[in-house]
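Side-chain atoms are counted along with the backbone in the values below, which use heavy atoms only and exclude waters and symmetry mates.
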Amino acid sequence: MPSVPAPDVPDAKDIIVARGLTKSYDGVAVVDQIDLTVREGEIFGILGPNGAGKTTTLEMIEAMRPIDAGTVMVDGIDVARHPQQVRAVIGIQLQSSAFFEKITLVEQIRMFAAFYGAKADPMELLAAVDLVDKAKSYPEKLSGGQRQRFSIATALINTPRVLFLDEPTTGLDPQARRHLWDLVRQIQGQGITIVLTSHYMDEAQMLCDRLAIMDAGRIIALDSPAQMVQDLLDRGFHKEVAVVSADLEDVFIDLTGKELRD
């Protein structure tokens with residue numbers, strides 16, 4: 001197993017700084033004194049097998065779960081001391097079950113905006129995620145990809161400094177998946193920092209500027225995807241199968257087209 005990297009040194013461009021972050025249940029540390037920083041404007045990924053501590057880590061950073069030990073600063077705000085202030089500067093991708101099935105998309109955006117005390121233009125947000133034509137539809141009428149895009153629209157209502165996405169493309173077909181990748185990059189282009197989890201290695205490699213790999217509650221690697229791959233090669237790793245410059249998903253997209261099939 002590779003050695004744990006030295007913690008990054010915080011600077012003025014670090015929008016999230018966690019030090020010694022710990023969470024335990026029944027005496028077992030599910031997040032075990034982790035250190036990480038997320039730089040302003042980057043896409044930062046957290047990867048790991050089930051039970052690695054990814055979701056618990058995110059929930060502590062999001063002020064959604066109490067911190068047992070350590071500190072987290074988000075945009076200069078201490079999460080443990082000022083959770084409400086943190087929630088005001090972040091956006092969290094809602095799960096589809098959080099939506100009201102008999103309220104239209106426009107009405108839901110207005111409702112969430114009132115909850116945040118934010119001024120939001122529903123049509124502008126829907127346009128950002130290519131859902132203008134669904135403005136008067138109910139969530140129950142949306143496809144999986146449309147629901148994921150709507151969940152991102154709701155996370156942008158309060159104009160967040162940091163957007164958290166938890167496995168945003170799970171269950172999507174290849175076209176919807178690639179389209180959501182483009183949407184994530186567009187959001188990053190607006191200066192919003194993005195923190196995401198994913199079980200898709202190709203997704204992490206395509207989107208993330210840097211990522212942390214977690215296992216058993218600890219960060220076991222933290223670097224850019226390209227550097228992680230290079231470090232593996234430098235340790236003498238060789239694939240048993242020949243590497244090709246395309247895969248089956250590329251074939252599928254090439255044959256069926258990139259347009260969404262909503």
Handout entry: Verdict with reasoning, Glu59 to Lys23, per side chain to side chain contact (heavy atoms under 4.5 Å, CB included)
Key = CA-CA 11 Å; Glu59 289 177 347; Lys23 186 68 183 179; over 6 Å; no
Practice task
For the pair Thr56 and Arg65, evaluate side chain to side chain contact (heavy atoms under 4.5 Å, CB included) and give the outcome as yes or no after the intermediate values.
Solution key: CA-CA 8 Å; Thr56 302; Arg65 188 179 295 268; 3.8 Å; yes
Practice task
Starting from the C-alpha separation in whole Å, work towards a yes-or-no answer on side chain to side chain contact (heavy atoms under 4.5 Å, CB included) for Glu42 and Lys13.
Solution key: CA-CA 10 Å; Glu42 75 176 341; Lys13 295 182 180 178; over 6 Å; no
Handout entry: side chain to side chain contact (heavy atoms under 4.5 Å, CB included) assessment of Lys54 paired with His199
Key = CA-CA 11 Å; Lys54 305 183 302 295; His199 280 299; 3.9 Å; yes
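Arg149 and Gln146 share no side-chain donor-acceptor pair at under 3.5 Å. Side-chain contact annotation: Gln227 with Asp231, donor-acceptor N/O pair under 3.5 Å present.
In this structure, the side chain of Gln93 engages the main chain of Asp166 through a donor-acceptor pair within 3.5 Å. Of the possible donor and acceptor atoms, one in the side chain of Asp78 sits under 3.5 Å from a partner among the backbone N and O of Arg81. Looking at Gln148, its side chain does come within 3.5 Å of a backbone N or O of Pro168 through a donor-acceptor pair. Put simply, the side chain of Arg87 gets close to the backbone of Ala63: a donor and an acceptor are under 3.5 Å apart. Under the 3.5 Å distance criterion, the side-chain polar atoms of Asp75 are left unmatched by any main-chain donor or acceptor of Val86.
Side-chain contact between Leu207 and Arg185 is present, with at least one heavy-atom pair separated by less than 4.5 Å. Taking 4.5 Å as the limit, some side-chain heavy atom of Leu105 sits within range of a side-chain heavy atom of Leu142. Residues Ser137 and Leu131 have side chains not in contact (no heavy-atom distance under 4.5 Å, counting atoms from C-beta outward). Side-chain contact check for Ile90 versus Glu62: some heavy-atom pair is nearer than 4.5 Å.
Glu203 approaches Arg177 most closely through the heavy-atom pair OE1-NE, 3.8 Å. Nearest heavy atoms, Ser198 versus Leu47: O-CD2, 3.4 Å. Annotation for Ser24 and Thr22: closest pair OG-CG2, 4.2 Å, computed over non-hydrogen atoms. Of all the heavy atoms in Arg147 and Pro139, the pair that sits closest is NH1-O, 2.6 Å. When every heavy atom of Ala69 is checked against every heavy atom of Ile67, the shortest pair comes out as O-CG2, 3.2 Å. Taking every heavy atom of both residues into account, Ala204 and Pro225 meet most closely at O-CG, 4.0 Å.
Annotation: the span from Leu125 atom CG to Ile152 atom CD1 amounts to 12.0 Å, rounded to 0.5 Å. With rounding to the nearest 0.5 angstrom, the CD1 atom of Ile187 is 6.5 Å from the CD1 atom of Ile192. Atom CZ of Arg19 sits about 5.0 Å away from atom CG of Asp35, to the nearest 0.5 Å. The CD1 atom of Ile46 lies 11.0 Å from the CZ atom of Arg210; values are rounded to the nearest 0.5 Å. In this structure, Glu107 CD and Lys102 NZ are separated by 12.5 Å, a value rounded to the nearest 0.5 Å. With values rounded to the nearest 0.5 angstrom, Leu211 atom CG is found 8.0 Å from Ser224 atom OG.
The number of heavy-atom neighbours closer than 6.0 Å to CE of Met64, taken from other residues, nucleotides and ligands shown, is 12 or below.
Contacts classified as ring-ring contact (aromatic ring centres under 6.0 Å, His included) and involving residues 59-82 (residues at least two apart or in different chains) are not found. Residue pairs meeting the ring-ring contact (aromatic ring centres under 6.0 Å, His included) criterion with at least one member in residues 110-157, sequence neighbours excluded: Phe99-Phe150.
Cluster membership check: Met201 does not share its hydrophobic cluster with Val229, using side-chain heavy-atom separations under 4.5 Å among Ile, Leu, Val, Met, Phe, Trp and Tyr. Note on Leu233 and Met228: separate hydrophobic clusters, where clusters join Ile, Leu, Val, Met, Phe, Trp and Tyr whose side-chain heavy atoms are under 4.5 Å apart, directly or indirectly. One hydrophobic cluster, built from ILVMFWY side chains closer than 4.5 Å, cannot hold both Leu222 and Leu232; they sit in different ones. No path of Ile, Leu, Val, Met, Phe, Trp and Tyr side chains, each step under 4.5 Å between heavy atoms, connects Tyr200 with Leu180, placing them in separate hydrophobic clusters.
Remark: Gln188 engages Ile43, Ile194, Asp209 in a side chain to side chain contact (heavy atoms under 4.5 Å, CB included) (not counting sequence neighbours).
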